[in-house]
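Quick notes on the structure that follows.
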Protein chains: 2
Amino acid sequence: MHAPVFAALGHPARLALVARLSGGEPSSISRLTAGSRMTRQAVTKHLRVLEGAGIVRSKHAGREKLFEYDAAPIAGLRDYLDRVSAQWDRTLARLKSFVEE
Amino acid sequence: MHAPVFAALGHPARLALVARLSGGEPSSISRLTAGSRMTRQAVTKHLRVLEGAGIVRSKHAGREKLFEYDAAPIAGLRDYLDRVSAQWDRTLARLKSFVEE
DNA sequence: CTAATATGCAACCAGGAGGTTGCGGAAATG
DNA sequence: CATTTCCGCAACCTCCTGGTTGCATATTAG
């Protein structure tokens, strides 16, 4: 269920894009390309991957395409990782009590 | 920094392996293969990816190779996602106060 | 209108991901 | 010792990823 979102975050360039968009206003493609060592097309492809995972939405504004952050998928990831950690804590407790028997 | 860990979780088969290993005892490759619709070699490859990301450790026990969960990388991911969410919350608050001015 | 800017689309490419099969070796079983 | 079980290595295949380049289109600026 969550694998596509994880995969979308599994690239440093996309992680950097998420960091920028989650900490600022919606931004256009060329603005996101400036300061990156990639081509505009490469940035576009990464943004499409992020949009496919729902992490980012896009809207048109004149000749620009603005991308903005959507917090929901990453919130879902946090919940999932919390559940994994909680399950692991229970596993540890169970193994410990088993050793102590 | 965290991108390789995200990438390692970006495949349903590996997510399922993590779920199994975080909720039970260390398990061997053939045990993890049973109940999966994959070949043993495919499972081995996925386990290697997880081990490369540090999510899983392996130790030999006779002719078996046991894999066990390591909680540290996923805990690091949780912290990272918490920071992203907190940054987003601050961004929202800042935009809201800007609109209200 | 012309020029500059922002984007999209398509082709192309190298390399890696995911998966299978076949074979060989080490360890437990009988 | 013979057999089964568990595993590693290597070759091979297909498809996707990440990236570039070139060209076409829409929008804004002068």
Any residue of residues 17-32 of chain B with a heavy atom less than 4.0 Å from an atom of DNA chain C: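 Result for residues 17-32 of chain B: none.
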
Indicate the atoms forming the closest heavy-atom contact of A8(A) with A53(A), along with that distance.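 It is CB-CB, 3.7 Å.
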
Angle between terminal axes - the helix from dC1(C)-dG30(D) to dG30(C)-dC1(D), 5 pairs each end, rounded to 10°: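 The two end axes of the helix from dC1(C)-dG30(D) to dG30(C)-dC1(D) meet at 30°.
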
List in chain and number order the residues that pass side chain to side chain contact (heavy atoms under 4.5 Å, CB included) with A7(B), two or more places apart in sequence or in another chain; answer none if no residue qualifies.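 Once residues adjacent in sequence are excluded, A7(B) has no partner under the side chain to side chain contact (heavy atoms under 4.5 Å, CB included) criterion.
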
Nearest 0.5 angstrom please: L9(A) CG to L9(B) CG, how far?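 If we round to the nearest 0.5 Å, L9(A):CG and L9(B):CG are 10.0 Å apart.
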
Roughly how far, to the nearest 0.5 Å, is CG of L66(B) from CD1 of I29(B)?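 Atom-to-atom, I29(B):CD1 and L66(B):CG are 9.5 Å apart.
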
Does the protein touch nucleotides 18-30 of chain C at the base, only the backbone, or not at all? Give it as B, S and - per nucleotide, heavy atoms under 4.0 Å. SBBBB----BS--

At the 4.0 Å heavy-atom cut-off to chain B, mark where contacts on DNA chain D begin and end, going 5' to 3'.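 The protein-touched segment is dT5(D) to dC9(D).
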
Please set out all donor-acceptor pairs under 3.5 angstrom arising from side-chain atoms of residues 41-48 of chain A, sequence neighbours excluded.
residue	atom	partner	partner atom	Å
T44(A)	OG1	R40(A)	O	2.9
H46(A)	ND1	R14(A)	NH1	3.1

Which pairs count as ring-ring contact (aromatic ring centres under 6.0 Å, His included) when at least one residue sits in residues 14-36 of chain A, sequence neighbours excluded?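 Non-adjacent pairs meeting ring-ring contact (aromatic ring centres under 6.0 Å, His included): zero.
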
Write out all pairs satisfying salt bridge (Lys or Arg N to Asp or Glu O under 4.0 Å) with one or both partners inside residues 74-83 of chain B, taking only residues at least two apart or from two chains.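 Every salt bridge (Lys or Arg N to Asp or Glu O under 4.0 Å) pair that includes a residue of residues 74-83 of chain B, provided the two are not neighbours, is R78(A)-D82(B), D82(A)-R78(B).
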
Using the salt bridge (Lys or Arg N to Asp or Glu O under 4.0 Å) rule, collect all pairs that involve residues 60-72 of chain B, keeping only residues at least two apart or in two chains.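 Listed once each, the pairs are R57(B)-E68(B), R57(B)-D70(B), K59(B)-E68(B).
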
Name each donor-acceptor pair under 3.5 Å that joins a side chain in residues 15-28 of chain A to protein atoms two or more places apart or in another chain, with its distance.
residue	atom	partner	partner atom	Å
R20(A)	NH2	R31(A)	O	3.3
S22(A)	OG	V18(A)	O	2.9
S22(A)	OG	A19(A)	O	3.3
S22(A)	OG	Q87(B)	OE1	3.2
S28(A)	OG	R31(A)	N	3.3

For Y69(B), ring-ring contact (aromatic ring centres under 6.0 Å, His included) partners two or more places apart: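 Checked Y69(B) against ring-ring contact (aromatic ring centres under 6.0 Å, His included); matches are W88(A).
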
Just so I know, are the side chains of F6(B) and L81(B) near enough to count as touching, which here means a heavy-atom distance under 4.5 Å?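 Side chain of F6(B) against side chain of L81(B), heavy atoms only: contact under 4.5 Å found.
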
What residues form a side-chain hydrogen bond (donor to acceptor under 3.5 Å, both in side chains) with S58(B), not counting sequence neighbours?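 Residues passing side-chain hydrogen bond (donor to acceptor under 3.5 Å, both in side chains) with S58(B): E51(B).
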
